[in-house]
2 protein chains.
Amino acid sequence: MTNDQNLETAPQEVEARAVEARVEAFIGVREARRSEVAEDYVELIAELIHDNGEARPVDIATRMGVTAPTVAKTLGRLARDGLITRAKYRSVFLTEEGRALAKECRHRHEIVLRFLLSLGLDPETAERDAEGIEHHVSERTLALFADFADRS
Amino acid sequence: MTNDQNLETAPQEVEARAVEARVEAFIGVREARRSEVAEDYVELIAELIHDNGEARPVDIATRMGVTAPTVAKTLGRLARDGLITRAKYRSVFLTEEGRALAKECRHRHEIVLRFLLSLGLDPETAERDAEGIEHHVSERTLALFADFADRS
DNA sequence: GCAAAAAGTTAGCTTAGGCTAACAATCAAG
DNA sequence: CTTGATTGTTAGCCTAAGCTAACTTTTTGC
Ligand SMILES: [Mn+2]
Ligand SMILES: [Mn+2]
Ligand SMILES: [Mn+2]
Ligand SMILES: [Mn+2]
């Protein structure tokens, strides 16, 4: 080490640390991306069950704005991942795990939406942005959003 | 129509409108998702050119936390889409369009980051969340974020 | 100026998430 | 109870974005 008694950190180490922090950010975002679709589906399925008594693929397709085969394939992945159960030609049920995820997602969605509205955003834009942002807020950010919305 | 003089809106129409609004939200989010990677790349490329004089694939790979072949393939798409130019075994350049996108992305990234920090978030989490959120904020939300950060 | 290291490319594989076309099952009217 | 409409499934296609293995090119250090 060339520093006097090693008291300072070399500039390239500072740089390396900054790079490393950002790599973690990118990796984290890619990770989050992998669950976005699942999160939106289970949240919607929970809502359909609550509102309509059941979650039919056709209603999922209508609300997600995708075609029926896309829904079928996605439901296959959700079942594989233990979030739903289903029988052929029947509507869909959430597993315990699916219900837990749905609840968490609805909670996050609501906080983000409430926060955006309390910032002064119009409802349509707020809904639109919340639908994307909800998948990328950490627990900490969510807590700050909730605080802010409560205080205003 | 069964309403007295058609003065009210039928509840199923209200419902239909709400469903339609959410479909638009989902479609919008899917749309945004399609440009996330491109946005992160051009932003990073601009930064590397600024800081190092050039953007080498190896540095892009290190900072994005992906392998060199992944970068190569992504750069192929960016070139196809007119955002960069490149020559074999050489580093990468932004087109006019690429520079414009990079500038816009850096701008958005900075506002979102500044906003999260001014909310009281720690820098690491702020960087992490900003990296994901930046792709899902509308112009309106961005303006509100900027206002908030300025005022605090 | 050459050899080894570093960087870049290519081929080929994987998964997710979209689509259409074709077919099968269920449901609702009559 | 039959039939037509609705709903669901399957097969097969596509693109994006990740990976490893193998190869080529460029850069660097002696
Ligand atoms: Mn969402
Ligand atoms: Mn949601
Ligand atoms: Mn980003
Ligand atoms: Mn960014």
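Note that the structure is predicted; figures quoted are calculated from it, not measured. Convention: sequence-line order gives letters A, B, ...; per-chain numbering from 1.
Mapping A/Arg33 and A/Arg90 onto DNA chain D by nearest heavy atom places A/Arg90 closer to the 5' end of the strand. Taking the nucleotide of DNA chain C with the nearest heavy atom to each of A/Lys88 and A/Tyr41, the more 5' of the two is matched to A/Tyr41.
Hydrophobic clustering, with ILVMFWY side chains joined whenever heavy atoms are under 4.5 angstrom apart, keeps A/Val37 apart from B/Ile133.
Between A/Phe148 and B/Phe148, the ring planes lie perpendicular to each other; the angle is over 60°, past the 30° to 60° tilted range.
An OP1 or OP2 oxygen of D/dA17 is reached within less than 4.0 angstrom by no side-chain nitrogen or oxygen of B/Thr70. Residue B/Thr74 has no polar side-chain atom (N or O) positioned under 4.0 Å from OP1 or OP2 of D/dA17. In terms of phosphate contacts, B/Arg34 brings no side-chain nitrogen or oxygen within less than 4.0 Å of OP1 or OP2 of D/dA16. Between B/Arg80 and D/dA16, a side-chain N or O to OP1/OP2 separation shorter than 4.0 Å is present.
Spacing between atom CZ of A/Arg56 and atom C1' of D/dA5 amounts to 13 Å, rounded to whole angstrom units. To the nearest angstrom, C1' of C/dC19 lies 14 Å from CD1 of B/Ile27. Distance CD (B/Glu36) to C1' (C/dG17): 14 Å, rounded to an integer number of Å. Between A/Asp81 atom CG and C/dG17 atom C1' the separation is 14 Å, expressed in whole Å. Distance CG (A/Leu78) to C1' (C/dG17): 12 Å, rounded to an integer number of Å. When rounded to the nearest whole Å, the span between CZ of A/Arg30 and P of D/dA17 equals 11 Å. For the pair A/Lys73 NZ and D/dG8 C1', the computed distance is 15 Å after rounding to whole Å. Distance, A/Tyr89 OH to D/dA5 C1': 15 Å, rounded to whole Å.
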### Task
Go through the steps for B/Val112 and B/Leu142 under the test side chain to side chain contact (heavy atoms under 4.5 Å, CB included), then give the verdict.
CA-CA 7 Å; B/Val112 173; B/Leu142 201 64; 4.1 Å; yes
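Residue B/Val71 is out of contact with every strand shown, counting any heavy-atom pair closer than 4.0 Å. A/Arg77 comes within 4.0 angstrom of a nucleotide base, judged by non-hydrogen atoms across all strands.
In this structure, of D/dT9, C/dG8, D/dG18, it is D/dG18 that holds the atom nearest to the side chain of B/Val37. Among C/dG18, C/dT20, D/dG8, the nucleotide with an atom closest to any side-chain atom of A/Val66 is C/dG18.
Between its opening and closing five pairs, the helix from C/dG1-D/dC30 to C/dG30-D/dC1 changes axis direction by 20°, a value rounded to 10 degrees.
One finds a salt bridge joining B/Asp40 and A/Arg33 here, because a Lys/Arg side-chain nitrogen approaches an Asp/Glu carboxylate oxygen to under 4.0 Å.
Applying the 6.0 Å contact sphere to CZ of A/Arg140 captures no more than 12 heavy atoms from other residues, nucleotides or ligands. Residue B/Arg22 places its CZ atom among more than 12 non-hydrogen atoms of other residues, nucleotides or ligands, all under 6.0 Å distant. Residue B/Arg86 qualifies as enclosed at atom CZ: its count of foreign heavy atoms under 6.0 Å is above 12.
When A/Leu83, A/Val92, A/Leu101, A/Val71 are each tested for a side-chain contact (heavy atoms from CB on, under 4.5 Å) with A/Tyr41, only one passes: A/Val71.
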